[in-house]
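Chain A is the first sequence line, chain B the second, and so forth, proteins listed ahead of strands; every chain is numbered from 1.
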Amino acid sequence: GTRIIYDRKFLMECRNSP
Amino acid sequence: QEVPLAESPDKHPLQNRWALWFFRNDKNRMWQANLRLVTKFSTVEDFWALYDHIKPASKLSCGCDYSLFKDGIEPMWEDNQNKRGGRWLITLAKQQRHTKLDCFWLDTLLCLIGEMFDNYSDEVCGAVINIRTKGDKIAIWTREAEHQEAVTHIGRVYKEHLGLSQEVTIGYQAHADTATKSSSLTKTKFVV
């Protein structure tokens, strides 16, 4: 299957999202 | 203390479920008795809930470790997934605990949960941070020290994500070599 990849920018944006 | 984390369909799933472990050095007890599973998570949001809840690595006492490993792999050489593997080791100078340590550790965690090593992400077992008086250490553990192409790719990508300059080199050590020698003498198998 497809690997779920996240870059640093996306992961950091998720930190404080509601 | 275990952190309860609720599952939610709105969260971003990770490729792997990860387990955070905490080690506190109590010399009256066996090594393994000092190792505790903190919690497991499998979404980006649960990672942050955990990360923002625990002490930053730089605030831990000397002798403590955090380890983040894929679910099912214990953070020790003896685990079947680790025993033929090794680690990319970052050694920090004492004064870097207050400048670089927390940034390097967070970037290490993000590399792992984000699966940033392309097709070689399956070779990654986990990462460990050791808080030590002599100097702190951070390492990414991979499962097979003989897989040179995978190991060196992971090392190059890791170095890039940490923002290390080309003049800085990092070394890879096989656990089999680390286990049989004092750490200062462990031979370096690969360098990037």
Quiz item: Is atom CZ of B:R36 surrounded by more than 12 heavy atoms (other residues, nucleotides or ligands) closer than 6.0 Å?
Solution: no
Quiz item: Quick one: which residues of residues 90-102 of chain B reach chain A at under 4.5 angstrom, heavy atoms only?
Solution: none
Exercise. Carefully, step by step, assess A:Y6 and B:E115 under the rule side chain to side chain contact (heavy atoms under 4.5 Å, CB included).
Key: CA-CA 7 Å; A:Y6 298 115; B:E115 307 279 327; over 6 Å; no
Quiz item: Can you name the closest pair of heavy atoms from B:W48 and A:L11 and give their distance?
Solution: NE1-O, 2.7 Å
Self-check item: Residues in residues 144-163 of chain B near chain A [non-hydrogen atoms, under 4.5 Å]
Solution: none
Quiz item: With the 4.5 Å side-chain cut-off for hydrophobic clustering, are B:L14 and A:I5 part of the same group?
Solution: no
Quiz item: If contact means a heavy atom pair closer than 4.5 Å, which residues of residues 61-82 of chain B contact chain A?
Solution: none
Quiz prompt | Test: B:D122 and A:R3 ion pair at under 4.0 Å | solution = yes
Quiz item: How far apart are the closest heavy atoms of A:R15 and B:Y51, and which atoms are they?
Solution: NH2-CE2, 3.6 Å
Quiz prompt | Set of ring pair (Phe, Tyr, Trp, His ring centres under 6.0 Å) partners for B:W105, sequence neighbours left out | solution = none
Quiz item: In the single-linkage hydrophobic clustering (I, L, V, M, F, W, Y; side-chain heavy atoms under 4.5 Å), do B:I54 and B:V44 co-cluster?
Solution: yes
Self-check item: CG/B:D52: more than 12 non-hydrogen atoms of other groups inside 6.0 Å
Solution: yes
Quiz item: For the hydrophobic clusters of this structure (ILVMFWY residues joined by side-chain heavy atoms under 4.5 Å, transitively), does one cluster hold both B:V192 and B:I140?
Solution: yes
Practice problem: Please name the pair of heavy atoms, one in A:I4 and one in B:P13, separated by the smallest distance, quoted to 0.1 Å. | Solution: CG2-O, 3.5 Å
Exercise. Answer with yes or no whether the hydrophobic clustering places B:L112 together with B:L89; edges join I, L, V, M, F, W, Y residues whose side-chain heavy atoms lie under 4.5 Å apart.
Key: no
Exercise. Look at the side-chain heavy atoms of Ile, Leu, Val, Met, Phe, Trp and Tyr, link any pair under 4.5 Å apart, and say whether B:Y120 and B:M116 land in one connected group.
Key: yes
